[in-house]
Number of protein chains: 2
Amino acid sequence: MPSEPFVVLADPARRRILDLLRERPRLVGELTEAIGLSQPGTSKHLRVLREAGLVTVRPEAQRRWYELRPQPLAEIDAWLAPYRWMWAERFDALERHLDTMGDA
Amino acid sequence: MPSEPFVVLADPARRRILDLLRERPRLVGELTEAIGLSQPGTSKHLRVLREAGLVTVRPEAQRRWYELRPQPLAEIDAWLAPYRWMWAERFDALERHLDTMGDA
DNA sequence: TCCTTACATGCCGTTGACGGTATATAGCTG
DNA sequence: CAGCTATATACCGTCAACGGCATGTAAGGA
């Protein structure tokens, strides 16, 4: 039962991890250094990401290659979709214009 | 200093409020009933949304009309942007294909 | 086998989110 | 003014997230 992607993304360290994995798979050690947390701390964030289906692991001897699995982000995108047109340029002006037409 | 939109959206009640405001401005009472929390609970979520710049208030006598202000969502969208192509149809297959090519 | 590397897990403390009830505040109405 | 309506704030309890350190576990190397 993967947790909500929204909740998972609320933590900046986890967003950073995903951003790093966007480039290429990474080892826990690399990620630890990059995000500036302890190794256990990093591992715990990776667990959350794994349980949310946002990363997968590929073991190689004692190492673990973490790779991005972006599918769950589609849920975020879907929620966002109906809002997306709204912040396009000069929306406020358009809205005021439509309000004016409504008055007429 | 508005809080992170990601954090604000982590709570389902707040996402629900935004969804409701997408249709039209609403009074606190309407929102309270819709999300099934206590009135103070609703007010507190509205405060968070206000401080994040996601809603604005228009007082009218004792009533408060809350309206959507979608601009901060652009930050979410911007973060999401580089991922968006990735979950397009059959990405997994493409990825496997590229991996195979790498092996060859 | 012993040590080291790479990572996961257990445990703990602190902190803040979230929800509720009680109460304050502001504006209307009679 | 009294009292009602609509909303905000104060205060409190609970719980879980997040971070750290210590330790467990698995694999490789000497």
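Letters A, B, ... mirror the listed sequences (proteins, then strands); counts begin at 1.
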Distance in angstrom units between A:R15 CZ and D:dA17 P, rounded: 17 Å
Rounded distance (Å) that lies between atom P of D:dT5 and atom CD of B:E60: 18 Å
5'-most by nearest nucleotide on DNA chain D - A:Q62 or B:R64: B:R64
Along DNA chain D (nearest heavy atom to each residue), the more 5'-positioned of A:L37 and B:E30: B:E30
Contact under 4.0 Å: B:S38 side-chain N or O vs C:dG20 OP1/OP2: yes
Touch class at under 4.0 angstrom, heavy-atom based, for B:L46 against every strand present: nothing
Worked check of ring pair (Phe, Tyr, Trp, His ring centres under 6.0 Å) between B:Y83 and B:W87: CA-CA 8 Å; B:Y83 294 88; B:W87 61 80; 7.8 Å; no
Under-3.5 Å donor-acceptor pair between B:Q39 side chain and D:dA8 base: yes
Below 4.0 Å: OP1/OP2 of C:dC18 and any side-chain N or O of B:R14: yes
Spatial distance of atom CD1 (A:I17) from atom CG (A:L37) [nearest 0.5 Å]: 8.0 Å
Sugar-phosphate only, base, or nothing, as touched by B:G29 at under 4.0 Å among non-hydrogen atoms: sugar-phosphate
Salt bridge A:R84-A:D77, side-chain N to carboxylate O under 4.0 Å: yes
Any A:H45 side-chain nitrogen or oxygen under 4.0 Å from OP1 or OP2 of D:dG19: yes
Under-4.0 Å side-chain N/O to phosphate OP1/OP2 contact, B:Y66 with D:dA6: no
Side-chain donor or acceptor of B:R26 paired with backbone N/O of B:L20 under 3.5 Å: yes
Nearest-Å distance for atom pair CZ/C1', residues A:R63 and D:dG29: 13 Å
Sugar-phosphate only, base, or nothing, as touched by B:P40 at under 4.0 Å among non-hydrogen atoms: base
A:E33 CD - C:dC7 P separation (whole Å): 12 Å
Selection from C:dT9, D:dT9, D:dT7 that lies nearest to any side-chain heavy atom of A:K44: C:dT9
Rounded distance (Å) that lies between atom P of D:dT7 and atom CG of B:L49: 16 Å
Check: B:L18 and B:L9 side chains under 4.5 Å, non-hydrogen atoms: yes
Spacing of B:L31 atom CG relative to D:dA8 atom C1', expressed in whole Å: 15 Å
Protein-nucleotide distance (B:E51, atom CD; C:dC18, atom P), rounded to Å: 12 Å
Rounded interatomic separation in angstrom, taking CD from A:E4 and P from D:dA17: 13 Å
